[in-house]
Amino acid sequence: MNIRSIASAGNQFIRNCISAAGAEPEYVHRKRIHLAKKIHTAGDYKEWLSAFHSEMKPRTYLEIGVADGATLALVRPETNAVGVDPDPKIKNELLCSTRLFKTSSDDFFLKNKIETLVGGKADLVFIDGLHEFKQVIRDVANAGNNAKDNAVILVHDVLPVDQKSASPKRKTLHWPGDVYKAVAFIKRKMPALNLDFINAYPTGLAVITGCGSAEFDTLNQGVSEENLREFENLSVEDYYSSHISEAMRISGTAEPIQDTVVRLLSDRVGTRFD
Ligand SMILES: C[S@@+](CC[C@H](N)C(=O)[O-])C[C@H]1O[C@@H](n2cnc3c(N)ncnc32)[C@H](O)[C@@H]1O
């Protein structure tokens with residue numbers, strides 16, 4: 001190998017290290033994921049989602065942002081599922097009856113009601129679509145309007161590990177985006193809702209309950225520029241110091257995930273779903 005081919009191989013290596021998400025070297029991505037593993041020790045978010053499915057045995061399930069179907073594949077055969085994604089690429093085997101809508105969540109909610117599609121409002125919702133602040137507020141508001149009083153709404157990516165990956169516009173391979181601002185906004189504007197936080201890998205889960213006592217339309221109406229401004233500039237650091245303290249989060253314990261989910265459901269919705 002001559003010096004020119006070594007240099008060319010080196011350049012190719014560097015090019016390969018730059019992620020398609022936007023000029024971030026692969027090693028920076030790996031460092032972030034390593035950090036997420038160290039901080040979020042409560043188990044993988046899919047294990048939690050799976051535990052909610054097996055404990056609640058929901059009749060109806062709504063998922064916003066399905067991608068390759070990895071989380072839709074966790075849905076039990078007896079559940080009627082609705083999935084929404086403008087660009088679904090289902091590769092996983094789905095065990096349940098699923099109606100898939102190839103569109104944005106805004107468009108989906110404009111034209112559909114879960115009740116009409118699957119014969120009842122949603123028991124369990126997983127929000128994991130576009131990771132932008134205002135979009136997540138709309139997704140929670142619209143999901144809430146389509147959910148039963150004792151429903152559980154899970155929101156993914158609410159505990160980012162750094163500011164860069166929590167940018168409103170994608171700059172990193174792993175991109176929780178600024179979902180965290182939506183959670184801070186909802187927590188402040190809708191005190192009737194219960195919000196629990198799980199230190200799930202990679203970037204956390206929020207568990208929203210108390211849907212029956214909440215007016216989700218006020219959330220949609222509250223999305224005025226003026227109301228949002230305070231949250232628009234919220235940094236990840238201020239979010240953790242002023243909104244979501246460590247004490248508020250469910251961390252990894254010796255207790256199995258399933259037992260924590262049973263306790264959480266009994267505390268928050270007071271119902272065994274089976
Ligand atoms: C992080 S992926 C979902 C991953 C999946 N829930 C899982 O855990 O395996 C986000 C998905 O949201 C979809 N998405 C983007 N914008 C959306 C929107 N406005 N409404 C619904 N889904 C959207 C993307 O196409 C992408 O497939």
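Counting convention: from 1, in listed order, for ligands and their atoms alike.
Ring geometry for F126 against H156 counts as tilted: the plane angle lies between 30° and 60°, on a 0 to 90° scale. F231 and F133 have tilted rings, their planes meeting at an angle from 30° to 60° on a 0 to 90° scale.
Within the 6.0 Å centre-distance limit, the rings of Y61 and H53 are counted as a close aromatic pair.
Residue T71 has at least one N or O atom closer than 3.5 Å to an N or O atom of ligand 1. On a distance-only criterion, D85 and ligand 1 share at least one N/O pair closer than 3.5 Å. When only interatomic distances are considered, the shortest N/O to N/O separation between P86 and ligand 1 does not fall below 3.5 Å. Here's the thing with Y45: one of its N/O atoms is less than 3.5 angstrom from an N/O atom of ligand 1. Here's the thing with D128: one of its N/O atoms is less than 3.5 angstrom from an N/O atom of ligand 1. Close N/O approach between S105 and ligand 1 is found [any backbone or side-chain N/O within under 3.5 Å].
At the top of the distance list for atom 19 (N) of ligand 1, counting protein heavy atoms only, stands S104 CB, 3.7 Å.
No side-chain heavy atom of V136 sits under 4.5 Å from any side-chain heavy atom of E132. Side-chain contact between F101 and L117 is present, with heavy atoms from C-beta onward closer than 4.5 Å. The side-chain heavy atoms of N199 and E246, taken from C-beta on, include a pair separated by under 4.5 Å.
Side-chain contact of S105 with Q135: a donor-acceptor pair under 3.5 Å is present, judged by distance alone.
Listed by number with element, the atoms of ligand 1 under 4.0 angstrom from any heavy atom of A70 are 9 (O). Near E63, the atoms of ligand 1 lying under 4.0 angstrom from a non-hydrogen atom of the residue are 6 (N). Heavy-atom contacts of A67 reach the following atoms of ligand 1: 2 (S), 3 (C), 4 (C), 27 (O) (cutoff under 4.0 Å).
For atom 15 (C) of ligand 1, the choice among L130, D139, D87 with the nearest heavy atom turns out to be L130.
For E115 and K113, the salt-bridge test fails: no basic side-chain N is under 4.0 Å from an acidic carboxylate O.
Assignment of K89 to the shell around ligand 1 is not supported, since no heavy atom sits closer than 4.0 Å.
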